[in-house]
Amino acid sequence: MHLEFNAMYSTQLLDHFENPRNSGEIDQADARADIENPACGDLLRLTLKADAGRITRAQFKAKGCVAAIACGSALTELVLGKTLNEAQELNRKDISAAVGGLPQASNHAAQLALDALSAALSQIKR
């Protein structure tokens, strides 16, 4: 099955899937978002800590396809150290680029990550 994945996904995406960064959940997080894609059933939980308007910690938990887990991992790396406004400006292309590209059928995974980010950022006072 791994050979199938290699043909379908980039090396970077598979690395994020097999070695997810910042997995888990932040205790006493400043924000927590649970987002589900009703079409495919993927679930993503994003927790954030912020200090002085900048994201200092980001962790995720995901249940879903390879791309959903990889995009959750990449998202946490993308937002760390960014201001809240900079994080809000991330888009699907940014997440896709961070995982070395997504097949068309997996673009929903980048959107799931963005939806979780948007929901979490809305909970943090600016």
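Excluded from the calculations below are hydrogen atoms, water molecules and symmetry mates; all remaining heavy atoms, backbone and side chain alike, are included.
Hydrophobic clustering, with ILVMFWY side chains joined whenever heavy atoms are under 4.5 angstrom apart, keeps I35 apart from L43.
Atom OG of S73 is separated from atom CD of E18 by 11.5 Å, given to the nearest 0.5 angstrom. One finds the SG atom of C71 at 6.5 Å from the CG atom of L13 (value rounded to the nearest 0.5 Å). Note that CZ of R45 is 4.5 Å distant from CD of E25, once rounded to the nearest 0.5 Å. Within the model, atoms NZ of K125 and CG of D30 stand 10.5 Å from one another, a figure rounded to the nearest 0.5 Å. We find the CG-CG distance between L117 and L48 to be 6.5 Å, quoted to the nearest 0.5 Å.
When the side chain to side chain contact (heavy atoms under 4.5 Å, CB included) test is applied to N22, the partners found at least two apart in sequence or on another chain are Q59, T76, E77, L80.
A salt bridge is defined here as a Lys NZ or Arg NE, NH1 or NH2 lying under 4.0 Å from an Asp or Glu carboxylate O, and D34 with R32 meets this definition.
Considering all non-hydrogen atoms of both residues, D42 and A68 come closest at OD2-CB, 3.5 Å. Heavy atoms only, all atoms of each residue included: L90 and K82 are closest at CD2-CE, 4.1 Å. C40 approaches H108 most closely through the heavy-atom pair SG-CD2, 3.6 Å. Between T47 and I26, the closest heavy-atom pair is OG1-N, 3.1 Å. Nearest heavy-atom pair across L44 and G72 is CD1-CA, 4.1 Å. Smallest separation of non-hydrogen atoms from A33 and A120: CB-N, 3.7 Å.
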TODO: Go through the steps to decide whether N85 and E89 satisfy the test side chain to side chain donor-acceptor pair (under 3.5 Å), and finish with yes or no.
DONE: CA-CA 6 Å; N85 289 336; E89 291 178 12; over 6 Å; no

Open item on the list: Evaluate R21 against D15 for salt bridge (Lys or Arg N to Asp or Glu O under 4.0 Å), listing each step before the verdict.
Closed with: CA-CA 10 Å; R21 281 61 143 184; D15 186 48; 2.7 Å; yes

Less than 3.5 Å apart, which donor and acceptor atoms pair up between the side chains of residues 93-103 and the rest of the protein, not counting sequence neighbours?
unit_1, atom_1, unit_2, atom_2, d
D94, OD2, N91, N, 2.9
S96, OG, L102, N, 3.3

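For the pair Q88 and S118, the minimum side-chain heavy-atom distance is below 4.5 Å. Using a 4.5 Å heavy-atom threshold, the side chains of K49 and I55 count as separate. No side-chain heavy atom of I69 sits less than 4.5 Å from a side-chain heavy atom of K63. When side chains are defined from C-beta on, L75 does not count as touching F60, because their heavy atoms never get closer than 4.5 Å.
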